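All remarks here apply to the structure that follows.
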Amino acid sequence: MKRNSWLSAGTVPDAVPSDGRYPIGRLVVLAAYVAASVFLGYLSLESSLRTSVWPLLVLFAAGLASLYIGKRRPSVAFIMVLVLLPVSFFCGTGAEAVLVCAGLYGIGAQGAARRAWTAFAFALVSNALAALALALRIRFGPPFLGLAPRLDVDAWPTDWLSATGIAAIAALVFTLFGVNVGHRRRELHALRERAEQMRRERDQEAHIAAVLERERIAREMHDVIAHSLAVMIAVADGAQAASVSRPEESRRAIGRVADTGRQALVEMRRLLHAVRDEDGPSLSAAMSLGIEQLPALIQESREAGLPVHLQQTGTLASDAVVGLTVYRIVQEALTNTLRHARDVREVLVALSFTNEEASILVEDHSGLVQSVTDPGRGLVGIRERAAFYDGYVEAGPRPGGGWRLLVRLRTEQQ
């Protein structure tokens, strides 16, 4: 049920639970209203100046009905008690003032401040009418609470204004009390929502960090395993071909296969140690690879059958992460050449370092290469590494045969 009226909060404190039971606030209001009705009803009936019992019973039933209706239609219930209030002071006991005060508090506590002050304005009108009814009743109407009628007939405007002021002060007190409680509730609710939002953001950031870390680990493992296996396969094929005619060379090749395998295991252990040791060095630092290890990588590729030549211009600044990036890009390029190139005549690895950027060129002179539609994980990893340094990658077949890879990394210190 939608509640878009100017009174969308309950007429009494505390919201109704989802199972329909009365909360403590409603029970307190119910008990206070019943107690006030019984006590004031007793005063109205025990005196010789008795008030008629039927209006008391009808008003009491209407007050209970407003409490029941307030569970589902708070705006209707509050309007009911505003109407009952002047009627009660005209022919009842005035106990319905308890419901008006409770309603003002409930609206302020559960609704917006604007609604609370709107309800306060309506309550002032009802209070003024109730005060007028009381001022006229104690002089011209039925007895009120067993009191004798007043004889100063011309003084009713004074009593009316006095009673209106007292009722306005009481309404103001309950409205301010409810608005203050409502403001505190909204602040606590906002704090809880903020804490929940921060928790979700923290969990999301942790999830993203875990995904990025897994991607980085997968990229490092791909570089280690793919290169080592490519070298081992190439050397093993050469050893198999020379096993009959050149057994001594075949044995040396088998030894290189074993050395390459052991080196791959060492790098894998370092990688896994960096992953498992949360308090240890970073993944890049744990690998301890850089351009200083490039000559060994080039020699390993030569032993696997690639005629590789290394050229370097300039000097790379002391940066372990950049050095590892350069090493991995060259390693991946040589691995792809070793796995996919045919009839390789020459492979050039040209490195150029300046204060602003690092340039990496790896190109091979080999057979014709078809255009590649699937870049594979290796080229994707190269692009990701370059993107980290705001760089770019050019990769594709060379005119006349072979493959060309050019990577530029921005290394300028910001």
Side-chain angles (χ1 to χ4, degrees), residues 215-216 218-238 241 260 264 289 291 293-314 316 322-354 356-411:
E215 178 64 24
R216 186 170 63 161
R219 186 166 57 241
E220 296 291 342
M221 293 183 68
H222 170 270
D223 292 339
V224 171
I225 296 174
H227 177 75
S228 300
L229 288 179
V231 171
M232 293 169 65
I233 291 172
V235 175
D237 288 341
T260 303
L289 295 174
I291 59 174
Q293 284 71 39
L294 279 178
L297 177 65
I298 298 299
Q299 181 61 32
E300 186 180 69
S301 299
R302 288 172 181 166
E303 293 176 354
L306 288 181
V308 186
H309 300 281
L310 175 63
Q311 297 178 0
Q312 179 175 337
T313 304
L316 182 65
V322 178
L324 174 63
T325 300
V326 173
Y327 180 91
R328 289 305 190 197
I329 290 175
V330 174
Q331 183 186 51
E332 180 60 33
L334 294 178
T335 300
N336 289 338
T337 302
L338 193 61
R339 292 173 59 188
H340 304 297
R342 298 293 181 266
D343 302 326
V344 181
R345 299 182 298 276
E346 182 184 13
V347 179
L348 173 64
V349 177
L351 306 178
S352 176
F353 303 120
T354 65
E356 290 78 21
E357 70 173 18
S359 175
I360 307 163
L361 173 65
V362 180
E363 60 179 5
D364 63 84
H365 300 263
S366 59
L368 292 176
V369 178
Q370 300 294 330
S371 298
V372 178
T373 57
D374 183 9
R377 188 176 185 87
L379 186 56
V380 171
I382 291 176
R383 295 187 188 278
E384 291 177 352
R385 293 180 188 274
F388 182 77
Y389 291 94
D390 195 21
Y392 69 94
V393 178
E394 295 179 3
R398 292 181 64 257
W403 186 267
R404 181 176 183 271
L405 172 69
L406 175 62
V407 180
R408 295 187 186 275
L409 309 176
R410 291 181 58 86
T411 58

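All figures in this text were calculated on a predicted structure; none of them were measured in a lab. Counting begins at 1 with the first residue of the sequence.
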key: Among Val330, Ile298, Val344, Val362, side chain to side chain contact (heavy atoms under 4.5 Å, CB included) partner for Val308   =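 Among the candidates, only Ile298 passes.
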Non-hydrogen side-chain atoms of Trp403 and Thr337 separated by less than 4.5 Å =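 No; the side chains remain at least 4.5 Å from each other.
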Separation between [atom1] of [X] and [atom2] of [Y], rounded to the nearest 0.5 Å:
X: Arg302; Y: His309; atom1: CZ; atom2: NE2; answer: 7.0 Å
X: Leu297; Y: Ile291; atom1: CG; atom2: CD1; answer: 13.0 Å
X: Leu351; Y: Leu310; atom1: CG; atom2: CG; answer: 5.5 Å
X: Leu406; Y: Ser359; atom1: CG; atom2: OG; answer: 5.0 Å
X: Ile382; Y: Ile360; atom1: CD1; atom2: CD1; answer: 8.5 Å
X: Asn336; Y: Gln331; atom1: CG; atom2: CD; answer: 10.5 Å

Nearest heavy atoms of Arg339 and Arg342, plus distance in Å =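 Shortest heavy-atom separation between Arg339 and Arg342 comes out as O-NH1, 3.4 Å.
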query = What's the verdict on side chain to side chain contact (heavy atoms under 4.5 Å, CB included) for Phe353 and Gln312, showing C-alpha distance, side-chain angles and the deciding distance?
reply = CA-CA 8 Å; Phe353 303 120; Gln312 179 175 337; 3.7 Å; yes
ask   = For Leu348 and Gln311, what are the C-alpha separation, side-chain angles and deciding distance, and is it a side chain to side chain contact (heavy atoms under 4.5 Å, CB included)?
value = CA-CA 8 Å; Leu348 173 64; Gln311 297 178 0; 3.7 Å; yes
query = Taking only residues two or more places apart in sequence or in another chain, which ones pass side-chain hydrogen bond (donor to acceptor under 3.5 Å, both in side chains) with Ser366?
reply =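 Per chain and number, Ser366 pairs via side-chain hydrogen bond (donor to acceptor under 3.5 Å, both in side chains) with Asp364.
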query = When you check the gap from the basic side-chain N to the acidic O, do Arg410 and Glu357 get nearer than 4.0 Å?
reply =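 Salt bridge between Arg410 and Glu357, a charged N being under 4.0 Å from a carboxylate O: no.
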query = Can you check side chain to side chain contact (heavy atoms under 4.5 Å, CB included) on Leu405 and Leu361, steps first, answer last?
reply = CA-CA 6 Å; Leu405 172 69; Leu361 173 65; over 6 Å; no
request  = Could I get the full list of side chain to side chain contact (heavy atoms under 4.5 Å, CB included) partners for Arg398, not counting sequence neighbours?
outcome  =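 In terms of side chain to side chain contact (heavy atoms under 4.5 Å, CB included), with neighbours along the sequence ignored, Arg398 is linked to Glu363, His365, Arg404.
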